[in-house]
Each structure stands twice: as structure tokens, then as C-alpha cells.
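Computed from a predicted model, the values in this text were never measured in an experiment.
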Amino acid sequence: MAIEFDGLKEKTLVLVKPDAIQRGLIGKIVDRFETKGLKLVGVKMMALDEALLREHYAHLADKPFFTSLAKFMQGSPVIAMCWEGLEVVNAVRLLCGITKAREAEAGSIRGDYAMSVSCNVVHASDNVGNAKREVSRFFKEDELHDYAKSEYNHVYAEDER
Ligand code: UDP
Ligand code: MG
């Protein structure tokens, strides 16, 4: 069965990066998504190998900072999470804030927890097409879970469910 991405089942990939792991920010970061009303449908700790990183950051492969970015992302395992919800890709990007963390909006995750361009604590898929590719790249189908969340009766209005 293919992974569902429509409506309430839209999914996005979030990585808690090595800087956040070292700084003890896992719980705080997970809390932002949970409190927002998103549903966690997949989570695991994993080390990123060269091949996965090359695929994941293919759009940056020819940048001068790619080697240091790859080294940073391999400094420790990351936490990979798949979050689900209505228009979740956009919602999660807004929660994360812009790449250059010291200029990210206060109240966003990067705005509140980071100062660097590289060490910006989280990755989030930047559009629905990439979210589909990234979720499939990091999670096997049987690592994603489909379950009812009673909170949805209050997180979404009837016409949104
Ligand atoms: N990055 C970097 N230097 C740069 C631009 C990006 O080290 O000048 C890193 C940074 O960790 C960023 C990641 O590469 O989060 C991916 O870059 P992208 O432009 O996709 O930013 P994002 O989507 O993460 O905001
Ligand atoms: Mg990106």
C-alpha cells in the first residue's frame, strides 16, 4: 500500500540535527510539534551515511560548504520524525523558521534555539513533493503508523476533518 499524503494525512519529514542532540533539545523540539496539534506517525534515531546525505542534500552537493555540512550531520545520530496533519508541510516550515537561525523569527524553533546557518537544530521538508520523497527516503512503509487521535476533534473544525 502506498503512503497517504492527502488532506489530514499530509506528511512531512523533520530531522532533529546533531547540534540539537548535543544541546539536549530533543524534548523541546518534539514539544513544539505536539503542542501545535500535529500527529507523530513515525520516529527513529539513525546515523546518516554518505549516500543518504548526498541524496538528501543533492541540491547543495556543489556548494563549498557541503563537506562541512556532511561532517556536521554525521557528528551524531539524528532523530528522524514523520509528522502528519492538514497542510503540515507548510505548518512545520513556519514552526521551524528560516535557515539562518540568528535571523529566524522569535517564537520559531530556529528563532528560539539557534544562532547559526549550519547548526540550525532542525530539518523540515520544504514542499509537498519533497516531503513525499524525503518521508519515503527515511522511513519504510511499516515504520509509519496509522492511528486515530481523539484530540483531532478539537484541533480541527468539523469541515476540516
Ligand atoms: N546550510 C549551510 N550553509 C548555507 C546554507 C545551508 O550550512 O549557506 C545547511 C543548513 O544546515 C541548512 C541545510 O544546509 O539547514 C539545508 O539547506 P537549505 O537551503 O535546504 O535550508 P533549510 O531548508 O534547511 O532551511
Ligand atoms: Mg531545505
Side-chain angles (χ1 to χ4, degrees), residues 1-6 9-34 36 38-105 108-146:
M1 217 183 67
I3 302 168
E4 284 184 78
F5 280 90
D6 292 335
K9 304 245 165 165
E10 186 173 302
K11 293 171 178 61
T12 194
L13 177 80
V14 172
L15 302 177
V16 178
K17 293 183 176 181
D19 55 329
I21 307 276
Q22 293 298 332
R23 294 175 54 209
L25 295 174
I26 301 167
K28 284 197 168 85
I29 290 168
V30 171
D31 183 57
R32 295 297 184 102
F33 301 115
E34 267 195 313
K36 178 73 168 169
L38 308 183
K39 190 202 279 189
L40 184 63
V41 297
V43 59
K44 61 182 170 182
M45 182 174 247
M46 61 191 288
L48 306 182
D49 65 27
E50 201 70 33
L52 185 64
L53 268 176
R54 281 204 171 274
E55 228 181 43
H56 181 64
Y57 284 136
H59 62 299
L60 302 174
D62 56 1
K63 301 279 187 205
F65 58 83
F66 181 79
T67 309
S68 58
L69 174 62
K71 193 174 167 210
F72 160 61
M73 290 298 289
Q74 292 182 311
S76 78
V78 301
I79 307 286
M81 301 184 283
C82 179
W83 289 93
E84 193 177 84
L86 191 61
E87 297 172 12
V88 72
V89 174
N90 187 49
V92 164
R93 285 291 287 193
L94 291 173
L95 283 175
C96 288
I98 62 166
T99 312
K100 187 176 177 183
R102 56 186 172 272
E103 289 179 5
E105 205 175 343
S108 68
I109 293 169
R110 286 167 170 172
D112 287 357
Y113 299 135
M115 280 296 286
S116 166
V117 175
S118 304
C119 304
N120 54 12
V121 298
V122 278
H123 165 82
S125 308
D126 62 359
N127 62 57
V128 175
N130 281 336
K132 286 182 183 176
R133 283 182 280 277
E134 291 181 358
V135 166
S136 307
R137 183 177 300 140
F138 281 79
F139 289 93
K140 299 188 195 107
E141 260 184 67
D142 66 5
E143 292 175 325
L144 296 174
H145 300 273
D146 190 14

(message) Looking at Ser125 and Leu13, would you say the former's side chain and the latter's main chain have a donor-acceptor pair under 3.5 Å?
(response) yes
(request) Go through Glu34 and Trp83 one step at a time and tell me if the side-chain contact (heavy atoms from CB on, under 4.5 Å) criterion holds. (result) CA-CA 9 Å; Glu34 267 195 313; Trp83 289 93; 3.7 Å; yes
(request) Before giving the answer on side-chain contact (heavy atoms from CB on, under 4.5 Å), spell out for His56 and Leu48 the whole-Å C-alpha distance, their side-chain angles and the decisive distance to 0.1 Å. (result) CA-CA 10 Å; His56 181 64; Leu48 306 182; 5.8 Å; no
(message) Check whether Phe139 forms a cation-pi arrangement with Lys44 (NZ or CZ under 6.0 Å from the six-membered ring centre, at most 45° off the ring normal).
(response) yes
(request) Check step by step if side-chain contact (heavy atoms from CB on, under 4.5 Å) holds for Val30 and Ile79. (result) CA-CA 10 Å; Val30 171; Ile79 307 286; 5.9 Å; no
(message) Assess whether a salt bridge exists between Asp112 and Lys28, defined as any Lys/Arg side-chain N lying under 4.0 Å from an Asp/Glu carboxylate O.
(response) no
(message) Test your reading of the model: is there a side-chain donor-acceptor pair from Glu10 to the backbone of Val128, 3.5 Å cut-off?
(response) no
(message) Keeping Gln74 on the side-chain end and Ala47 on the backbone end, is there a donor-acceptor pair under 3.5 Å?
(response) no
(request) Assess whether atom CD of Glu143 is packed by more than 12 heavy atoms of other residues, nucleotides or ligands within 6.0 Å. (result) yes
(request) Report the distance from atom CZ of Arg102 to atom CG of Asn120, rounding to the nearest 0.5 Å. (result) 10.5 Å
(message) Has Glu84 got a side-chain atom pairing as donor or acceptor with Lys39's backbone, closer than 3.5 angstrom?
(response) no
(request) Using modelled atom types only, decide if a donor and an acceptor are shared between the side chain of Lys100 and the backbone of Ile98 within a distance under 3.5 Å. (result) no
(request) Output yes when a side-chain donor or acceptor of Arg110 lies under 3.5 Å from a complementary backbone atom of Val122, and no otherwise. (result) yes
(message) Please report the interatomic distance CD(Glu134) to CG(Asp126), rounded to the nearest 0.5 Å.
(response) 7.0 Å
(request) May I ask you to test the Phe65-Val117 pair for a side-chain heavy-atom distance under 4.5 Å? (result) no
(message) Just verifying a value: how many Å separate Lys36 NZ and Leu94 CG, rounded to the nearest 0.5 Å?
(response) 7.5 Å
(message) Is there a side-chain contact (heavy atoms from CB on, under 4.5 Å) between Val41 and Asp146? Walk through the geometry before answering.
(response) CA-CA 7 Å; Val41 297; Asp146 190 14; over 6 Å; no
(request) Tell me yes or no: between the side chains of Asn90 and Arg93, is some donor less than 3.5 Å from an acceptor? (result) no
(message) What's the separation between atom CG in Asp31 and atom CG in Leu25, rounded to the nearest 0.5 Å?
(response) 12.0 Å
(request) Indicate the atoms forming the closest heavy-atom contact of Cys96 with Ala124, along with that distance. (result) SG-CB, 3.9 Å
(request) Please work out which of the three classes, parallel, tilted or perpendicular, describes the rings of Tyr57 and His123, given edges at 30° and 60°. (result) perpendicular
